[in-house]
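Just below is one structure, and these are the notes that go with it.
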Protein chains: 4
Amino acid sequence: MPKVSEEYKQQRKKHILKSAEACFAEKGFRETTVDDIVEHSKTSKGTIYIYFKSKEDIYFELIEEKFDESLENYFSSVRKFNTAEEKLRYIIKFQKNLEFTEEEQKFIILQIETNMYLLRKGDSEQVMIERLGRISTFLEEILNEGISNGEFKKEINATVFSKMFWSIQDGLLVRTASKELANHHKPIWDLVEEMMFDYLKA
Amino acid sequence: MPKVSEEYKQQRKKHILKSAEACFAEKGFRETTVDDIVEHSKTSKGTIYIYFKSKEDIYFELIEEKFDESLENYFSSVRKFNTAEEKLRYIIKFQKNLEFTEEEQKFIILQIETNMYLLRKGDSEQVMIERLGRISTFLEEILNEGISNGEFKKEINATVFSKMFWSIQDGLLVRTASKELANHHKPIWDLVEEMMFDYLKA
Amino acid sequence: MPKVSEEYKQQRKKHILKSAEACFAEKGFRETTVDDIVEHSKTSKGTIYIYFKSKEDIYFELIEEKFDESLENYFSSVRKFNTAEEKLRYIIKFQKNLEFTEEEQKFIILQIETNMYLLRKGDSEQVMIERLGRISTFLEEILNEGISNGEFKKEINATVFSKMFWSIQDGLLVRTASKELANHHKPIWDLVEEMMFDYLKA
Amino acid sequence: MPKVSEEYKQQRKKHILKSAEACFAEKGFRETTVDDIVEHSKTSKGTIYIYFKSKEDIYFELIEEKFDESLENYFSSVRKFNTAEEKLRYIIKFQKNLEFTEEEQKFIILQIETNMYLLRKGDSEQVMIERLGRISTFLEEILNEGISNGEFKKEINATVFSKMFWSIQDGLLVRTASKELANHHKPIWDLVEEMMFDYLKA
DNA sequence: CATGAATGAGTCTTCATTCAT
DNA sequence: TATGAATGAAGACTCATTCAT
């Protein structure tokens, strides 16, 4: 006989998570204090510790949520296209069209930092590899689809190509987080696109 | 121990830096305490503050030293080759042959974290962009050399290609830091190499 | 203990201030550690930093409070008298009758030290001069009152006399802080009284 | 068979003391570091600890020296005058004519702080009281001289008057250290002079 | 005697977490 | 459930003093 509905509690948690995201993006995990989150979320320290068992816990839930949410959206919008080429071109187009606002850049930084954090902790095996695997598999399927139906040449190693692709994407993301490349990444993606399709269809 | 040679002092500093590197690589900047460095270096807190004015100072000197040192070695070994193609192939080969020990992987993580840290602080403009610029220019020169002497096709935009190349390298490095890709990056570099030369010489 | 009344918090702050006073009086500002205050107040370091933002902050609030509080009481008790002579004699009598306990002597020392501290910092202009001004003006008014109604002679420069008076008071206070003069100051005040009134009414 | 002459050593000590004086006056005892004194004296930490056994020791020797030196000079210049009145007027004139440079004001602050420091330590009985006694006695003698030869009236209590005089002097000094009264003390001394001689000769 | 590098106890301050209300 | 006051362990940094050269 809970006093408040489950839905209410979910909503409350989401609200805190949103605040935490803003804070972490702004200052990073270590530099963000629980008080920062309290202030941003207009709740209280006690409340936060009702919904999360530690600051680290907030961080993990945030990453989990953020990642899964955006990834599923992404996958499904890609799947709407018919041919493998269209799908791949859409993926590239999506990256190309990302307009990185200050805020988004900060979130990218946060994501990269998080990866490094996880890598260091060695927990990565469980979490990260599974994720990278999912993304990799997603592209592999598209590539294999293209190979089967003759869009792409037979010699392609879909696994390797997929890993390469996401590595490139990662690299461009890292650079994009910096001001140097920020919003100048389009010509690079153009080049990548040209080069890749030359290879895939040669 | 007074009236000690400049050389001795340099050595002492280097020793502390070495210890700091190990600690930072192990736990990251924020999680490493000065006491960790004290313990690892078998010196004392006071001594560390003779040679460095803050924990952050150690960090920056470390990054600086590590980076500049390795970069210059790298550049000069590349320049030994005659043709542009040889040079580029050597660069790729170099990346391909990197055998990342546990320790080196940790240092890569540290470097990436550092970049993120700098990006967040906004101090990055001075330091990082200059560095990325140096690396980018280095490859641009090689590419232009190849274009002039007919090794590579005329249509290549050396600036864009160079940026792309290093982004890919970055991306692979990030992934390599993870256990997933660790020491499985050779086939990916093979693919990159094939694809790139196809494009450059088409 | 959450959601606590403003009054409760004021009380808590006062309690810490009381402890700090005892510690500062005992050992001086610099020699007093925050841990001393913690121990004396039976609270915790954290609590102290909830109510004050630094050790210096405690010090200033203490001085401020102590000073303003006692000064206003003093002024109002003096104003109760009718004639200027009565007022001035009361002021002197008040000084004369001060029985300096060990503790009060220590607080006098603290006050003098504080003045020196402020003087050195140069922040004194704002705070101290304003205070000295208030005290000086207070006596000037009494003197002018006495001059107007014929109690005192016309030739008196109220401003100079006032400053002299408080300097004497200061000097006697400094000496009183020492054991030498402690509680032997009455005959000196008698002499001062005699001499002053001889002059004022000559 | 000392390696260096006693005179050399005395000179060295004096030099360090001079530097310490400047530093203590500038920043106070606690805020002055041994390194400050090292830098100012252009010697070394080791050297300082040859001549003094602690930072506090420097402080005490400084106070001792400074005080005794100036006091003896002062006494002897006063004694040159013939009558008690001349002597007392000279003392007042001396105070009146003090032109307090920034530096001298700082040294006054240091002296006052030192007194407070000594008072707190309870060592005051030995050192300070003896000093205050010497000064007090000095003036008592002058006053008694004046009483004996009819310059001053018989009813004067030389001991009390003397203590009062130095208290006034102390008070004016404290105030003079502040910017408020700085170099505006002459009219006050004029008033004190007038009032005192009115009393002494009445 | 002179030097200054080394030391480490001692400071202030922060902040994640708890728990009484 | 919600609150926010209380806690204290932990961290960065300082500096008087020592002592090998």
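Computed over heavy atoms, backbone and side chain alike; hydrogens, waters and symmetry mates excluded.
- In summary, of the residues considered (Asp36(B), Ile109(B), Leu62(B), Thr114(B)), a side chain to side chain contact (heavy atoms under 4.5 Å, CB included) with Phe24(B) occurs for Leu62(B) alone.
- Within the structure, a side-chain polar atom (N or O) of Thr47(B) is placed less than 4.0 Å from OP1 or OP2 of dT7(E).
- For Ser54(A), the listed nucleotide lying nearest its side chain is dT17(E); candidates were dT17(E), dT7(E), dT13(E).
- The nearest whole Å value for the distance from the CD1 atom in Ile48(D) to the C1' atom in dA2(E) is 12 Å.
- Between the C1' atom of dT11(E) and the CG atom of Asp36(C) lies a distance of 11 Å, rounded to the nearest Å.
- dG10(E): Watson-Crick or G-U partner is dC13(F), with both key distances under 3.5 Å.
- Contact record, Arg120(B) with Glu26(A): CD-O, 3.2 Å, taken as the closest heavy-atom pair.
- Thr32(B) comes within contact range of the sugar-phosphate backbone alone, with a heavy-atom separation under 4.0 Å but no base atom that close.
- Here the P atom of nucleotide dA9(E) and the CG atom of Asp35(C) are 16 Å apart, to the nearest Å.
- Remark: P of dA5(E) and NE2 of His15(B) are 17 Å apart, rounded to the nearest angstrom.
- Counting to the nearest Å, the P atom of dT11(E) and the NZ atom of Lys27(C) are 8 Å from each other.
- For the OP1/OP2 pair of dC1(E) and a distance below 4.0 Å, the side-chain nitrogens and oxygens of Lys9(D) include at least one atom meeting the criterion.
- Panel note: side chain Thr32(D), backbone Cys23(D); a donor-acceptor pair is recorded below 3.5 Å.
- For Tyr51(C) and Glu56(B), each mapped to the nucleotide of DNA chain F holding its nearest heavy atom, the one lying further toward the 5' end belongs to Tyr51(C).
- Ring geometry for Tyr59(C) versus Tyr117(C): interplanar angle over 60°, hence perpendicular rather than tilted (30 to 60°).
- Closest contact between the side chain of Thr43(B) and the listed nucleotides dA5(F), dT7(E), dT3(F) involves dT7(E).
- In this structure, Glu31(C) places its CD atom 11 Å from P of dA16(F), rounding to the nearest Å.
- One atom, CZ of Phe29(B), and another, C1' of dG11(F), lie 12 Å apart when rounded to the nearest Å.
- At most 12 non-hydrogen atoms from other residues, nucleotides or ligands lie less than 6.0 angstrom from CD of Glu39(B).
- Following rounding to the nearest Å, Lys42(C) (NZ) and dT7(F) (P) show an atom-to-atom distance of 12 Å.
- In a base pair of the Watson-Crick type (N1 to N3 plus N6-O4 or O6-N4) or a G-U wobble (N1-O2 and O6-N3), with each distance short of 3.5 Å, dA20(E) is matched with dT3(F).
- Put simply, the side chain of Lys9(C) never gets that close to the backbone of Tyr51(C): no donor and acceptor are under 3.5 Å apart.
- Under 4.0 angstrom from either OP1 or OP2 of dA16(E) there lies no side-chain N or O belonging to Tyr59(A).
- For Ile50(B), taking side-chain heavy atoms from C-beta onward, the closest of the listed nucleotides dA12(F), dA2(F), dA5(E) is dA5(E).
- Counting non-hydrogen atoms under 4.0 angstrom, Phe52(A) reaches nothing in the nucleic acid.
- If you check dT7(E), dA5(F), dT17(F) against the side chain of Arg12(B), the one that comes closest is dT7(E).
- Mapping Lys45(B) and Gly46(C) onto DNA chain F via the closest heavy atom, the residue that lands nearer the 5' end is Gly46(C).
- Thr33(C) comes within 4.0 angstrom of the backbone, heavy atoms only, and of no base.
- Nearest nucleotide to the side chain of Tyr49(B), out of dC13(F), dA5(E), dA5(F): dC13(F).
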